[in-house]
Chemist: 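Handing you this structure, nothing more for now.
Below, chain A is the first sequence line, B the second, and so on; all start at residue 1. Just so we're clear, the structure is a prediction, and the values are computed from it rather than from any experiment.
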Amino acid sequence: MTRQEEMAALLLPQIDKTPAYYESLYPARQLKEGAQVTRIAPSPTGYLHLGTLFSALVNRITATATGGVFFTRIEDTDKKREVEGGIADIIEGLSRFGITIDEGFVNGTTQIGDYGPYQQSHRAEIYQTYVKELIRQGLAYPCFCTAEELDAVRQEQEAAQIRTGYHGKWAKHRDITPEEARTEIAAGKPFVIRLRSPGSEENRIRFDDVIKGTIEMPENDEDFVLLKSDGIPTYHFAHAIDDHLMHTTHVLRGDEWISSVPKHLQLFRLLGFKPPKYGHISPLMKLDNGAKRKISKRKDPEAAVHFFAEEGYDPDSVIEYLMTVAASDFEDWRRANPTADRKTFPFKLKKMSVSGALYDENKLIDVSKIEISKMSADTVYEKLTAWAKEFDPGFFEILTENPAYTTAALAIDRGNAKPRKDIARWSDAKDYLAYFFASLYVPDHTLPETVHPEDAKAFLQAYREVYVETDDRQQWFERIKALCPALGFAADTKAYKADPSAFRGSVGDLSTVLRIAVTGRRNTPDLCSIMQVLGRAECLRRINEMMNSL
RNA sequence: GGCCCGGUGGUCAAGAGGCCUAAGACACCGCCCUUUCACGGCGGUAACACGAGUUCGAAUCUCGUCCGGGUCACCA
């Protein structure tokens, strides 16, 4: 037994498997040429973060565009930060946004696929097997430093203005002997396993980031921690083992990871693994007092995706917006393919922005209005009521009392070539539909300054007599025009504009009066349709009510 | 501070040495259309961070400066 084998046996006595065992357990995937395997690896430390959603989207569409696989893996190696129900929050959150998962966790408790377990806390033995091999090869060693000692070293380094960290001569336990280690262990001292980095700061490494392009950095010379004192790996080590064994081809993650790439590449090389392609995604930013900064979980409500649900944004709108941020050519594609499934969008990582984009609510609203304008009345009814049920129960009651009626109201000016774009969020619908429901109807009978109350009253009185509920738009309008001459109004807008002094007003004014009478407001979609949905009795009632107030 | 990444209108962005008098979208403004509003159409305001250099020619290449972001844990 060599000294290194002795050390390996001392540190990880319970490990009896070898890497070869796992290599054969998780054979290469059988995928077609060019298929890319991606993943999202969230930590269950709380709700689904916007950044995680964005990253999941990018990984998802990358796999989809290449006929590959997208899987989820739970990085629960930090027990201190773990939150109960965190897995379900994140995974089910992704589903709500329509992000489908091919493999790994598909909800809070179920995992599918042949490369599991997809939860790092259940993979301890795998990591330890590889660490043991590294120790055998002299590439890893135990470190017994306490947090205080490490802290003291850092302070010394800072005082001397040299690079901080556990490397080179500062790596106290780098050459610890099996005997020394045995003594420490016997004394009950906890230890971590560190990499014995063969790297040097003098060397430069380069790699091609599939999003950012070529990046050059100093080689890693840090003896960073592989296994924490509880036997659980750090992110770096788990990443190398898992993405190798799960055969990930593309690691697309937040760009806060860029600086760790030298560690990861070194790990893959030392372990004898083929490294994946890396792509680093710029974060979504927000303007804070004129300064751009990454959206923060603590300061920004938008960081938590449930914010969007509460605001009433449709998940589909949020994804559509995120797509415009993820791919600079997505909007053009969307214009050319207004109704196509996003899954057919030919996504290219090269089209991703290199710098962080500012979260733009205006743009979200615009995208959302377009999305909702393209929906059928039935779809709107379904989504709106689903939203209201959760976030505005009172409104839900009102909407569902008579589904056919609500749907008819929602159908106005919808489904034609130029649908209206009144609704950006489901919460907007309450005001938009208010005059259709007695309990929400708060009419404002204020007339435009240009219209005299007596004219309005005379018009309403005359209209009441000629009103035919079944008129189509054309007939409906003709009827109003027909009333104009007797009231001294211009039936033709152009004639009125040519000589306003010759008339008391125009047909437009009269239409507005009717609109105010029927809906209690001046701006609405097509009035004729509204009156049909409201019904003759209700329209007459409202017209009379208005007349009485004049 | 060290190491990385980035900087084109208010925002997102196209842009690969001459096609740039710099596209498009959102927002904003105006006009037209119009029974209101919206939609739509037309038009408008508004940008290559700065300074050197390379070149006949620079938004594009190089260097420097400045600014912004990220990262330097037994967190991910």
Side-chain angles (χ1 to χ4, degrees), chain A residues 41-45 75-81 120 143 145-147 150-151 154 158 161-166 190-194 201 209 211-213 215-218 222 224-236 238-239 253-262 280 282-283 285 287 291-294 321 324-325 327-332 334-335 351 353-367 369 373 413 416-422 448 473 476-477 480-481 493 506-516 519 521-528:
Chain A
S43 336
T45 52
E75 312 236 315
D76 55 348
T77 54
D78 185 2
K79 293 187 299 251
K80 292 186 288 290
R81 299 201 311 160
Q120 293 179 333
C143 167
C145 289
T146 62
L150 259 16
D151 211 44
R154 181 172 28 252
E158 274 167 12
Q161 299 214 323
I162 53 176
R163 191 163 52 94
T164 58
Y166 202 90
F191 62 90
V192 300
I193 306 291
R194 285 181 184 273
E201 205 201 1
D209 188 287
I211 294 169
K212 305 224 181 205
I215 295 175
E216 203 180 300
M217 274 190 270
E222 185 90 7
F224 61 93
V225 174
L226 266 18
L227 234 44
K228 297 185 264 188
S229 54
D230 57 4
I232 300 292
T234 55
Y235 169 85
H236 303 115
H239 152 56
R253 64 234 303 184
D255 73 356
E256 68 271 21
W257 289 110
I258 280 195
S259 55
S260 307
V261 171
H280 293 276
S282 303
M285 318 282 280
L287 220 45
K292 227 173 149 183
R293 64 164 168 72
K294 194 173 167 177
Y321 167 65
T324 70
V325 178
S328 57
D329 53 346
F330 180 75
E331 280 190 272
D332 286 339
R334 179 48 90 202
R335 258 190 292 283
K351 287 290 181 180
S353 171
V354 182
S355 51
L358 228 39
Y359 161 72
D360 184 350
E361 191 177 27
N362 272 333
K363 190 74 183 181
L364 206 210
I365 287 173
D366 177 63
V367 165
K369 281 182 172 175
S373 75
D413 281 345
N416 49 27
K418 292 173 180 175
R420 296 179 62 92
K421 301 199 291 188
D422 296 296
R473 269 160 111 127
W476 174 89
F477 190 46
I480 296 172
K481 280 166 113 172
T493 311
S506 77
V507 64
D509 295 320
L510 261 18
S511 300
T512 297
V513 171
L514 183 57
R515 187 182 308 278
I516 290 170
T519 66
R521 59 173 76 175
R522 295 175 63 172
N523 308 334
T524 73
D526 177 53
L527 225 207
C528 174

Chemist: Classify the nucleic acid contact of A:R335 as base, sugar-phosphate or nothing, counting any heavy atom under 4.0 Å across all strands shown.
Modeler: sugar-phosphate
Chemist: As a test of reading the structure: which of B:U35, B:C74, B:A27 is closest to the side chain of A:V192, going by heavy atoms?
Modeler: B:C74
Chemist: Grab the two heavy atoms, one from A:K212 and one from A:V354, that are nearest each other, plus how far apart they are.
Modeler: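 Scanning both residues, the minimum pair turns out to be NZ-O, 3.2 Å.
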Chemist: Under the criterion side chain to side chain contact (heavy atoms under 4.5 Å, CB included), I'd like the reasoning laid out for A:S43 against A:Y235: C-alpha separation, chi angles, the key distance, then a yes or no.
Modeler: CA-CA 10 Å; A:S43 336; A:Y235 169 85; over 6 Å; no
Chemist: Identify the nucleotide, in any strand shown, that forms a Watson-Crick or G-U wobble pair with B:A23, with both distances under 3.5 Å; if there is none, say none.
Modeler: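 Here B:A23 is not engaged in any pair, so there is no nucleotide opposite it.
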Chemist: Would you measure the distance from the P atom in B:U45 across to the matching atom in B:G7 and give it in whole Å?
Modeler: 27 Å
Chemist: Around atom CD of A:E216, are there more than 12 heavy atoms from other residues, nucleotides or ligands closer than 6.0 Å?
Modeler: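 Yes, because the 6.0 Å sphere around CD of A:E216 holds more than 12 heavy atoms from other groups.
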Chemist: I'd like the C1' distance from B:C37 over to B:G18, given in whole Å.
Modeler: 49 Å
Chemist: Heavy atoms only, 4.0 Å cut-off, all strands: where does A:K294 land among base, sugar-phosphate and nothing?
Modeler: sugar-phosphate
Chemist: Measure from the side-chain heavy atoms of A:N362 and tell me the nearest of B:A27, B:A76, B:U36.
Modeler: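 Side chain of A:N362 sits closest to B:A27.
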Chemist: Counting the atoms with a prime plus P, OP1 and OP2 as sugar-phosphate, which does A:S353 contact under 4.0 Å by heavy atoms, base, sugar-phosphate, or nothing?
Modeler: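 Sugar-phosphate only.
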Chemist: Picking from B:C4, B:C75, B:C37, which would you name as closest to the side chain of A:I258?
Modeler: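 Output: B:C4.
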Chemist: Figure out the CD1/P separation between A:I365 and B:C12, and round it to whole Å.
Modeler: 16 Å
Chemist: Just how far, in rounded Å, is P of B:A13 from CG of A:D360?
Modeler: 10 Å
Chemist: Donor-acceptor pair under 3.5 Å: do we get one between A:R515's side chain and the base of B:U35?
Modeler: yes
Chemist: When you measure from the side chain of A:L358, which nucleotide among B:G40, B:U11, B:U35 comes out closest?
Modeler: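 Of all the options, the side chain of A:L358 is nearest to B:U11.
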Chemist: Is there, by distance only and without an angle test, a donor paired with an acceptor across the side chain of A:R420 and the base of B:C37 below 3.5 Å?
Modeler: yes
Chemist: Rounded to whole angstrom, note down the C1' distance from B:C26 over to B:A47.
Modeler: 16 Å
Chemist: Does the side chain to side chain contact (heavy atoms under 4.5 Å, CB included) test come out yes or no for A:I232 and A:Q120, once each step is laid out?
Modeler: CA-CA 8 Å; A:I232 300 292; A:Q120 293 179 333; over 6 Å; no
Chemist: What nucleotide, of B:C3, B:G70, B:A73, holds the atom closest to the side chain of A:T164?
Modeler: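 For the A:T164 side chain, the nearest candidate turns out to be B:A73.
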Chemist: For B:A13, does either OP1 or OP2 sit under 4.0 Å from a side-chain N or O belonging to A:K363?
Modeler: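 Indeed not, no polar side-chain atom of A:K363 lies that close.
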Chemist: Could you check which of B:U35, B:U71, B:G6 has an atom nearest any side-chain atom of A:S259?
Modeler: B:U71
Chemist: Take atom C1' in B:A49 and the same atom in B:G68, then report the distance between them in whole Å.
Modeler: 11 Å
Chemist: Tell me the partner of B:A47, counting only Watson-Crick (N1-N3 plus N6-O4 or O6-N4) or G-U wobble (N1-O2 and O6-N3) with both under 3.5 Å; none if nothing fits.
Modeler: none
Chemist: When we call it a touch if two heavy atoms are under 4.0 Å apart, what does A:R163 touch: a base, just sugar-phosphate, or nothing?
Modeler: nothing
Chemist: Taking any heavy-atom pair under 4.0 Å as a contact, classify A:S43: base, sugar-phosphate, or nothing.
Modeler: sugar-phosphate
Chemist: Starting at CG of A:D255 and ending at P of B:C3, how long is that distance when rounded to a whole Å?
Modeler: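 In whole Å, B:C3 P lies 19 Å from A:D255 CG.
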Chemist: Checking contacts here: which listed nucleotide (B:C39, B:A14, B:G24) is nearest the side-chain heavy atoms of A:S328?
Modeler: B:A14
Chemist: Scan every strand shown for a Watson-Crick or G-U wobble partner of B:G57, both distances under 3.5 Å, and answer none if you come up empty.
Modeler: none
Chemist: Taking any strand in view, what nucleotide pairs with B:C66 in a Watson-Crick or G-U wobble way, both distances under 3.5 Å?
Modeler: B:G7
Chemist: Taking only the side-chain nitrogens and oxygens of A:R154, find out if one of them lies under 4.0 Å from OP1 or OP2 of B:A73.
Modeler: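 Checking B:A73 against A:R154, a side-chain N or O does come within under 4.0 Å of OP1 or OP2.
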Chemist: Rounding to an integer number of Å, can you tell me how far A:K79 NZ sits from B:A76 P?
Modeler: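 The distance from NZ of A:K79 to P of B:A76 comes to 11 Å, rounded to the nearest Å.
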Chemist: Just checking A:C143: base, sugar-phosphate only, or nothing, at a heavy-atom cut-off of under 4.0 Å?
Modeler: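 Result for A:C143 = nothing.
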Chemist: Counting the atoms with a prime plus P, OP1 and OP2 as sugar-phosphate, which does A:I215 contact under 4.0 Å by heavy atoms, base, sugar-phosphate, or nothing?
Modeler: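 A:I215: backbone/sugar contact only, no base atoms under 4.0 Å.
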Chemist: May I ask which nucleotide in the shown strands pairs with B:C42, Watson-Crick or G-U wobble, both distances under 3.5 Å?
Modeler: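 Matched B:C42 with B:G30 under the 3.5 Å cut-off.
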Chemist: Please check: side-chain N/O of A:Y321 versus main-chain N/O of A:D360, any donor-acceptor pairing under 3.5 Å?
Modeler: yes
Chemist: Using the C1' atom as the point on both nucleotides, what is the distance between B:G24 and B:G9, in whole Å?
Modeler: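 B:G9 and B:G24 have their C1' atoms separated by 13 Å.
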Chemist: State whether the side chain of A:D413 and the backbone N or O of A:D526 hold a donor-acceptor pair below 3.5 Å, judged by distance alone.
Modeler: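 Between the backbone of A:D526 and the side chain of A:D413 there is a qualifying donor-acceptor contact (under 3.5 Å).
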Chemist: A:S373 side chain to A:P419 main-chain N or O, any donor-acceptor pair under 3.5 Å?
Modeler: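 Such a contact is absent between A:S373 side chain and A:P419 backbone.
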Chemist: Rounding to the closest angstrom, what is the interatomic distance between B:C67 and B:C31 at atom C1'?
Modeler: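 It works out to 41 Å between them.
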Chemist: Given B:C12, B:G70, B:C3, identify the nucleotide with an atom nearest to the side chain of A:M217.
Modeler: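 So the nucleotide nearest the side chain must be B:C3.
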Chemist: Figure out the NZ/P separation between A:K212 and B:C4, and round it to whole Å.
Modeler: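 Interatomic distance, NZ of A:K212 to P of B:C4: 14 Å.
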Chemist: Any strand counts, and the cut-off is 3.5 Å on both contacts for Watson-Crick or G-U wobble. Which nucleotide pairs with B:C37?
Modeler: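 No nucleotide pairs with B:C37.
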Chemist: Please report the distance separating the C1' of B:G70 from the corresponding atom of B:C29, rounded so that it comes out in whole Å.
Modeler: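 Between the two C1' atoms, the distance is 39 Å.
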Chemist: Can you tell me how far C1' in B:U62 sits from the matching atom in B:G17, rounded to whole Å?
Modeler: 14 Å
Chemist: Identify whether any heavy atom of A:Q161 sits under 4.0 Å from a base atom; if not, whether one sits that close to sugar-phosphate; answer base, sugar-phosphate or nothing.
Modeler: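 If one applies the 4.0 Å heavy-atom cut-off, A:Q161 turns out to touch nothing in the nucleic acid.
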Chemist: Whole angstrom is fine here: how far is it from CZ in A:F224 over to P in B:U71?
Modeler: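 Computing the A:F224:CZ to B:U71:P distance gives 18 Å.
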Chemist: For residues A:S282 and A:S353, report the shortest heavy-atom separation together with the two atoms involved.
Modeler: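 Reported closest heavy-atom pair: OG-O, 3.9 Å.
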Chemist: Is any side-chain nitrogen or oxygen of A:R81 closer than 4.0 Å to OP1 or OP2 of B:A76?
Modeler: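 It does not, given that no N or O in the side chain of A:R81 lies less than 4.0 Å from OP1 or OP2 of B:A76.
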Chemist: Side-chain N or O of A:T77 versus OP1/OP2 of B:A76: is the shortest distance under 4.0 Å?
Modeler: yes
Chemist: Name the nucleic acid region contacted by A:V354, choosing base, sugar-phosphate or nothing; use a 4.0 angstrom heavy-atom cut-off, strictly under.
Modeler: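 Sugar-phosphate: the residue A:V354, judged by heavy atoms under 4.0 Å, touches backbone atoms but no base.
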Chemist: Base, sugar-phosphate, or nothing: which does A:D526 touch, judged by heavy atoms less than 4.0 Å apart?
Modeler: base
Chemist: Specify the separation, in whole Å, of atom CD of A:E75 and atom P of B:C75.
Modeler: 13 Å
Chemist: Go ahead and name the base partner of B:A76; Watson-Crick or wobble counts if both distances stay under 3.5 Å, otherwise write none.
Modeler: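 Pair assignment: B:A76 / none.
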Chemist: Run A:I215 and A:V261 through side chain to side chain contact (heavy atoms under 4.5 Å, CB included) and show every step you take.
Modeler: CA-CA 10 Å; A:I215 295 175; A:V261 171; over 6 Å; no
Chemist: Quick check on RNA chain B: between A:V225 and A:A357, whose nearest nucleotide comes earlier from the 5' end?
Modeler: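 By nearest-heavy-atom nucleotide position, the 5'-most residue is A:A357.
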Chemist: Whole angstroms only, please: what is the CZ-C1' distance between A:R521 and B:U35?
Modeler: 17 Å
Chemist: Step by step, work out the side chain to side chain contact (heavy atoms under 4.5 Å, CB included) result for A:K363 and A:V325.
Modeler: CA-CA 10 Å; A:K363 190 74 183 181; A:V325 178; over 6 Å; no
